[in-house]
Amino acid sequence: MLWSRTFIPTMKETPEGAEIPSHVLMLRAGLITQVMAGAYTYLPLGLRSLRKAEQIVREEMDRAGAVELLMPALSPMSLWERTGRARDFGNVLIHFELVRGNRKVHLALGPTHEEIITDMASRFISSYRQLPVTFYQIQTKFRNEERPRFGVLRTSEFLMKDAYSFDASLEQLNESYQKMYDAYCRIFERAGLDYLPVEAESGPIGGDASHEFMVPAQHGEDVLVHCRQCGYAANTERAARRGPQQLPPPPPQEELQPLELVDTPGASSIEQVSRLLGCQPSQLVKTLIYLADGRPVAVLIRGDHEANENKIRRFLGAERLELAPPAVIEQVTGAPVGFAGPVGLREPVPLYADWDVATTSNAVVGANQADKHYRGANRPRDFDLPPEHWGDLRVVADGDPCPRCSSGHLRTSHAIEVGHVFKLGTKYSRALGARFNDADEQLHDLIMGCYGIGINRILAALIETSHDRHGIIWPLSLAPYEVVVLPLNVKDEAVGRAAQQLHDQLEQAGVEVLLDDRDVRAGVKFNDADLIGFPLRVTVGQRGLKQGQLEVKWRWEGQSRNIPLEGAAEQVQQMLEEARQIPFRQLVEQARGQAEPAS
RNA sequence: CGGGGCGUAGCGCAGCCUGGAUAGCGCGUUAGACUGGGGGUCUAAAGGUCGCCGGUUCAAAUCCGGCCGCCCCGACCA
């Protein structure tokens with residue numbers, strides 16, 4: 001391909017509004033352009049990379065035995081109502097009514113396709129002999145993000161690979177799940193990502209029913225914890241921590257102060273109260289009133305910690321958990337929101353506490369009266385709860401003890417979620433009547449798993465973790481073109497001819513090659529080549545030609561080297577072939593070990 | 001949806017506080033010349049509803065009100 005014949009609008013300056021590297025570089029390199037918040041056009045170069053990511057995913061899905069199909073983005077709203085997800089998705093689901101003749105149809109744009117695939121399965125799968133089967137598609141998803149951001153990392157329209165397994169038994173599901181898990185590892189490896197599979201929030205099935213594939217990156221939206229000691233890794237939404245030796249945890253050995261009612265006018269947040277009373281947030285114990293399946297409960301969390309509603313929901317064995325509305329809080333506590341406490345609740349509600357509440361003595365708690373708190377609250381003197389009401393109810397924090405090993409500690413880091421595998425169970429098959437007959441002619445709900453990969457995020461995550469001050473550093477597997485041929489001066493006939501010839505030979509040999517045939521200064525070409533980040537650059541110049549030489553340089557290496565003009569196409573192909581055999585991260589590591597990139 | 005920021009030529013910005021004449025600068029673009037190994041030089045030119053609507057004023061890019069859009073933080077995110 002000739003540079004002049006495709007469309008590569010690179011930019012010298014950072015566009016206003018772009019902040020994170022992937023967004024800045026994708027815009028500057030002419031990969032994408034914004035249409036509106038959360039919607040981007042993929043320009044020719046960006047599309048090539050997107051297609052390559054897509055193809056890697058497709059090949060590995062096929063290899064894992066999944067079968068490809070394509071479902072529509074449009075779906076009838078009734079399907080979403082049957083599974084209750086019209087409500088669960090709420091505003092995120094994009095739906096609308098269309099007029100067709102004298103009637104109206106209510107349609108939704110698919111944010112995911114469990115309903116559609118399960119509906120299909122219900123009509124075609126009826127026997128255990130048809131199982132197991134895994135379907136997948138690569139298709140555009142729509143979600144009305146409240147706040148699209150970070151370039152292509154969070155958009156309201158995005159390309160997703162979604163796969164769905166149907167199995168006859170949990171054992172079969174585990175096998176299907178493992179196949180997908182392994183395929184994901186191969187995909188992200190091939191994409192050159194430095195990824196980490198982590199345990200993720202898994203809903204009703206529990207256990208190891210869900211993993212997210214994360215790429216640690218400074219600008220990632222997710223936070224994961226990782227134990228270097230034993231390798232335990234989990235999303236903070238999910239991560240557990242090691243518990244105390246005994247329950248209830250013994251109170252600290254401190255002199256107990258009397259319970260004292262203090263005025264805290266207008267101070268209802270942890271920050272306000274701790275500032276007003278001049279104490280640390282860890283001195284405070286906050287009391288959260290939840291509705292667990294509609295039943296009010298009080299949950300105690302230390303002031304400097306954050307409640308984890310998933311843990312609380314699981315601990316209580318509840319299906320649904322939500323913060324109680326103000327009316328309920330006022331009824332339970334007898335005070336406005338912000339002054340709830342374990343001492344003197346107006347209505348007796350079950351009291352639960354996170355383990356770390358035990359580490360605080362003489363705590364500051366809400367007094368269940370407007371504008372008042374207690375100081376010096378202690379258990380069991382002022383409030384108490386049975387041993388079985390203590391649990392791991394908060395979000396883990398950096399430095400917490402690892403739940404898996406006895407000596408490790410959890411370290412947090414931000415990460416980009418590029419994939420998610422999930423054992424669904426029978427939630428959708430049951431709601432949509434997707435059943436099969438087993439060998440004994442018994443009807444069962446199909447057992448499902450679902451598996452998603454954000455294709456656009458593969459590109460963004462790669463760029464976030466693979467760039468320098470000059471631009472993107474693509475692996476061969478994702479680069480829009482593997483090779484850029486860069487004639488320094490196209491007006492020089494010998495240079496132009498040699499470059500064109502090399503380009504033609506490589507193209508004919510099936511190499512993805514771009515010839516920068518623009519009549520611009522060498523500096524412009526070098527800078528654009530670095531910005532876009534083509535893995536291999538072949539420079540054709542007068543000086544080299546006189547000695548029968550071309551200059552080649554890997555984007556991730558600092559040094560270039562010369563190769564003979566004679567047989568250059570073959571040598572370039574050989575270089576590519578050798579580089580393809582080595583994992584991208586390893587190539588980058590090797591280069592880093594050799595020299596600082598001067599570029 | 002709460003908090004903050006921004007909106008002036010294709011892109012990046014100045015001007016606004018303290019209202020005033022033809023709205024500037026850099027890059028890019030067009031034409032020509034020189035140049036030719038890391039965004040080069042010179043000459044000439046094109047390109048603007050100053051986000052939109054309304055108000056104040058003799059006069060609004062500038063002051064006031066409303067709205068829209070974009071970005072960031074938070075809430076939300078099967």
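Just the heavy atoms: all of them, side chains too, but no hydrogens, waters or symmetry mates, feed the values below. Order of the sequence lines sets the chain letters (A, B, ...), proteins ahead of strands, with each chain counted from 1.
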- Task: Start with the C-alpha gap between A:Thr155 and A:Asn456, add the side-chain angles, then the distance that decides, and say whether side-chain contact (heavy atoms from CB on, under 4.5 Å) holds.
- Result: CA-CA 10 Å; A:Thr155 52; A:Asn456 315 258; 5.7 Å; no
Can you identify which nucleotide, out of [options], has its nearest atom closest to the [X] side chain?
X: A:Leu531; options: B:G39, B:A78, B:C76; answer: B:G39
X: A:Val524; options: B:G39, B:G38, B:G12; answer: B:G39
X: A:Gln34; options: B:C71, B:C27, B:C73; answer: B:C71

- Tell me what A:Lys491 touches on the nucleic acid: a base, only sugar-phosphate, or nothing, going by heavy atoms under 4.0 Å.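 Since a base atom lies under 4.0 Å of A:Lys491, the category is base.
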- Query: A:Tyr428 near the nucleic acid: base, sugar-phosphate alone, or nothing, with a heavy-atom cut-off under 4.0 Å?
  - Reply: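 Answer is nothing: A:Tyr428 stays at 4.0 Å or more from every strand.
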May I have the distance from [X] (atom [atom1]) to [N] (atom [atom2]), rounded to whole angstrom?
X: A:Gln542; N: B:U35; atom1: CD; atom2: C1'; value: 12 Å
X: A:Glu417; N: B:C77; atom1: CD; atom2: P; value: 14 Å
X: A:Arg154; N: B:C77; atom1: CZ; atom2: P; value: 10 Å
X: A:Glu309; N: B:A78; atom1: CD; atom2: P; value: 13 Å
X: A:Arg521; N: B:G37; atom1: CZ; atom2: P; value: 7 Å

- Message: Heavy-atom nearest nucleotide on RNA chain B for A:Val520 versus A:Arg28: which residue maps closer to 5'?
- Response: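 Checking each residue's closest nucleotide, the 5'-ward one belongs to A:Val520.
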- Query: Does any nucleotide pair with B:A23 by Watson-Crick or G-U wobble geometry, both distances under 3.5 Å, and what is it?
  - Reply: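 Checking every strand shown, B:A23 finds no partner, since no pair has both distances under 3.5 Å.
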